[in-house]
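Computed from heavy atoms alone, side chains included, the values below leave out hydrogens, waters and symmetry copies. Bear in mind the structure is a predicted one, so any value in this text is a computation, not a measurement.
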Amino acid sequence: MSEQPVDYLIHARWIIPVEPPRTVLERHAIAVADGKIAAILPSEEARSRYAAQHQIELAEHALIPGLINLHTHAAMSLMRGIADDLALMEWLKHHIWPAEGKYVSHRFVYDGTLLACAEMLKGGITCFNDMYFFPQASAQAALAARMRAVVGMVIIDSPTAYASDAQDYLSKGLATRDEFKNEPLLGFTLAPHAPYTVGDNTFEQVVTYAEQLNLPVHVHVHETRDEVEESLRQYGVRPLARMQRLGLLGPNLIAVHGVHLAAEEIDQLAMHGCHVAHCPTSNLKLASGIAPVSGLIEHKVNIGLGTDGAASNNRLDLFEEMRLASLLAKGASVDAAALPAHEALKMATLNAARALGLEHAIGSLAVGKAADIVAVDYFALSMNPCYDPISHLVYVAGRNDVSHVWVAGELLVENGKLVHLDERELCNNARYWREEIRP
């Protein structure tokens, strides 16, 4: 029998496909053809069945699905560390919003998003769900990085350098979607910023467009106590109740943060099939609180992991988010079995894909899915000995252990180095913006 041609044959010590749960395949290989996974099979069988253009031997590595950052503001990487150690509203009103008003532009968003893409790729993130101004620039940067992205069409009621009012935000966002809708690596969401920056009329328009265009809705919800109290003062109800009244709760809703949720609100999210983007580091750094993850899991609410922006994290590092999410869930519930390692990994992969409506294409390693693949090196001193490769991914490994990254079958990180992006150029560009923005 003649050997079947493929683009890549990637051999590894372990393959952790995420589904079925807890599965670890030893001494297996992934065959990649035309940007998709053609086969997953024992290495010896792979060598006899396939003729690969590129054969990669990763003897001390695990292959995992590309990580998916379910919530970020990528361009804010240029504001990393600009105003640390402050509560959310002080941070926003007195530092971030004034800086955005002065500096945010198409060029700022392109440069900041490209910097974020490089950081994320080196850390094994192959897809990110973004929310920021000038989404056209975000889309262009993601394409330049050859990275998968879901671009948020941001909407608020107040004017910015990007748009004058809610209708202007919607019009510009929808025009961006029309421009890039045929790009295979890009998707879109409607991204009303938060209940405290979006009025009822605007939310109602969002619901209409989401239904007509079958788009997810990506929105900050119940991030702080102040947000909840302000909603009670202004609208007489908590934000989630207001959103339910306006028709926003449903299986297309990605509720970001969800820190201050009452038991009945968790029930509402579950009943309507909503998703939650959990951002543990940002929640802690801004002193917003600890999300009720165990309660959400108990009610079978789908939870993915996000970093938030680098201005409030200050890293775009999903290895750190997996570990912290698991530890916080255990500490908050006083249950060492809460959020085990395999579930934390699922939050950073398949759960996030499901929230974006992309679970058919990404989020796990399976035949027919896109070849978004990450190799993690287990050879380091700190990674030995290894008894459980999945546990090691969450409790031991860091983003510096990522050696190779493929998106849609294209190699973007090789031996820890970016293949197409120039790190020196990116750093010099970031330094330019530092001098512009420096307080």
Side-chain angles (χ1 to χ4, degrees), residues 6-18 24-32 35 37 40 43 46-47 52-69 116-128 145-148 307 315-323 341 344-345 348-349 362-365 369-424 426-427:
V6 292
D7 300 318
Y8 279 96
L9 203 54
I10 311 167
H11 302 270
R13 177 73 172 81
W14 300 288
I15 294 176
I16 301 170
V18 173
V24 178
L25 304 174
E26 195 165 354
R27 308 290 183 194
H28 273 55
I30 298 179
V32 176
I37 297 173
I40 301 174
S43 279
R47 294 182 206 281
Q53 186 175 352
H54 304 283
Q55 195 140 196
I56 310 292
E57 302 283 349
L58 300 171
E60 298 295 335
H61 297 63
L63 298 179
I64 64 172
L67 303 178
I68 302 169
N69 190 346
C117 287
E119 179 184 356
M120 287 191 281
L121 282 170
K122 289 191 71 174
I125 296 170
T126 56
C127 177
F128 65 103
R146 296 168 157 87
M147 188 176 183
R148 199 178 300 278
T307 60
R315 298 155 61 92
L316 305 177
D317 182 352
L318 277 183
F319 281 89
E320 185 173 83
E321 302 302 329
M322 285 192 289
R323 185 173 190 271
L345 176 61
T349 52
I362 59 174
S364 63
L365 300 178
K369 283 195 172 186
D372 291 10
I373 304 167
V374 171
V376 181
D377 190 352
Y378 281 59
F379 185 73
L381 189 70
S382 59
M383 294 283 277
N384 280 282
C386 177
Y387 302 104
D388 180 344
I390 299 177
S391 173
H392 254 43
L393 272 177
V394 174
Y395 300 128
V396 182
R399 64 180 179 179
N400 291 339
D401 297 307
V402 170
S403 64
H404 294 67
V405 176
W406 289 263
V407 174
E410 182 176 11
L411 183 63
L412 301 184
V413 177
E414 184 175 20
N415 296 318
K417 302 293 184 184
L418 293 164
V419 174
H420 300 291
L421 296 177
D422 186 329
E423 291 190 42
R424 183 179 294 276
L426 290 168
C427 290

| message | Using 0.5 Å steps for rounding, measure from the CG atom of Leu365 to the CD1 atom of Ile10. | response | 9.5 Å

| request: May I ask you to test the Thr349-Leu67 pair for a side-chain heavy-atom distance under 4.5 Å? | output: yes

| query | Does some side-chain heavy atom of Glu320 sit less than 4.5 Å from a side-chain heavy atom of Arg399? | reply | no

| query | When you measure from the side chain of Asp401 to the backbone N and O of Gly398, does any donor-acceptor pair fall under 3.5 Å? | reply | yes

| request: Grab the two heavy atoms, one from Ala341 and one from Ser391, that are nearest each other, plus how far apart they are. | output: CB-CA, 3.8 Å

| request: State whether the side chain of His392 and the backbone N or O of Pro385 hold a donor-acceptor pair below 3.5 Å, judged by distance alone. | output: yes

| Separation between CZ of Arg323 and OH of Tyr395, rounded to the nearest 0.5 Å | 9.0 Å

| Leu393 side chain reached by Val396 side chain, heavy atoms, under 4.5 Å | no

| Heavy-atom distance under 4.5 Å between the side chains of Leu63 and Ile16, does that happen here? | no

| task | Measure the spacing between SG of Cys117 and CG of Leu421 and express it to the nearest 0.5 Å. | result | 8.0 Å

| Do you know the tightest heavy-atom contact between Phe319 and Gly123? | CE1-O, 3.4 Å

| Is the shortest distance from a Lys or Arg side-chain nitrogen in Glu60 or Arg13 to a carboxylate oxygen in the other one below 4.0 Å? | no

Sequence neighbours left out, cut at 3.5 Å: what donor-acceptor pairs do the side chains of residues 370-380 make with other protein atoms?
unit_1 : atom_1 : unit_2 : atom_2 : d
Asp372 : OD1    : Arg148 : NH2    : 3.0
Asp372 : OD1    : Ala408 : N      : 2.7
Asp372 : OD2    : Arg148 : NE     : 2.7
Asp372 : OD2    : Arg148 : NH2    : 3.2
Asp377 : OD1    : Phe379 : N      : 2.9
Tyr378 : OH     : Pro389 : O      : 2.7

| message | If you apply the rule side-chain contact (heavy atoms from CB on, under 4.5 Å), what do you find for His11 with Leu9, and how did you get there? | response | CA-CA 6 Å; His11 302 270; Leu9 203 54; 3.7 Å; yes

| query | How many angstroms lie between CH2 in Trp14 and CG in Asp388, if you round to the nearest 0.5 Å? | reply | 9.5 Å

| request: Can you measure from CG (Leu411) to NE2 (His54) and round to the nearest 0.5 angstrom? | output: 8.5 Å

| said: Here's a test for you: under side-chain contact (heavy atoms from CB on, under 4.5 Å), which of Leu412, Val419, Leu316 qualifies with Leu121? | reply: Leu412

| said: Tell me whether Glu57 is salt-bridged to Arg47, with the criterion being a basic N under 4.0 Å from an acidic carboxylate O. | reply: yes

| query | Are His404 and Asn415 side-chain neighbours, meaning at least one heavy-atom pair lies under 4.5 Å? | reply | yes

| Judged by atom type as modelled, is there a donor-acceptor pair below 3.5 Å linking the side chain of His28 to the main-chain atoms of Glu26? | yes

| message | With heavy-atom distances below 4.5 Å as the criterion, would you say the side chains of Val402 and Lys122 are in contact? | response | no

| said: Within the structure provided, determine whether Glu423 and Leu418 are in side-chain contact (heavy-atom separation under 4.5 Å). | reply: yes

| request: Please report the shortest heavy-atom distance between Ala29 and Ala46, naming the atom on each side. | output: CB-CB, 3.9 Å

| NZ/Lys369 to OG/Ser364 distance, rounded to the nearest 0.5 angstrom? | 2.5 Å

| query | Where is the tightest heavy-atom contact between Thr126 and Trp406, given as atom of each residue plus distance? | reply | CG2-O, 3.9 Å

| query | Step by step, would you call Tyr8 with Gln53 a side-chain contact (heavy atoms from CB on, under 4.5 Å)? | reply | CA-CA 6 Å; Tyr8 279 96; Gln53 186 175 352; over 6 Å; no

| request: Would you kindly say whether Thr307 and Asn69 are connected by a side-chain donor-acceptor distance under 3.5 Å? | output: yes

| Would a 4.5 Å heavy-atom cut-off, applied to side chains only, mark His61 and Ser403 as touching? | yes

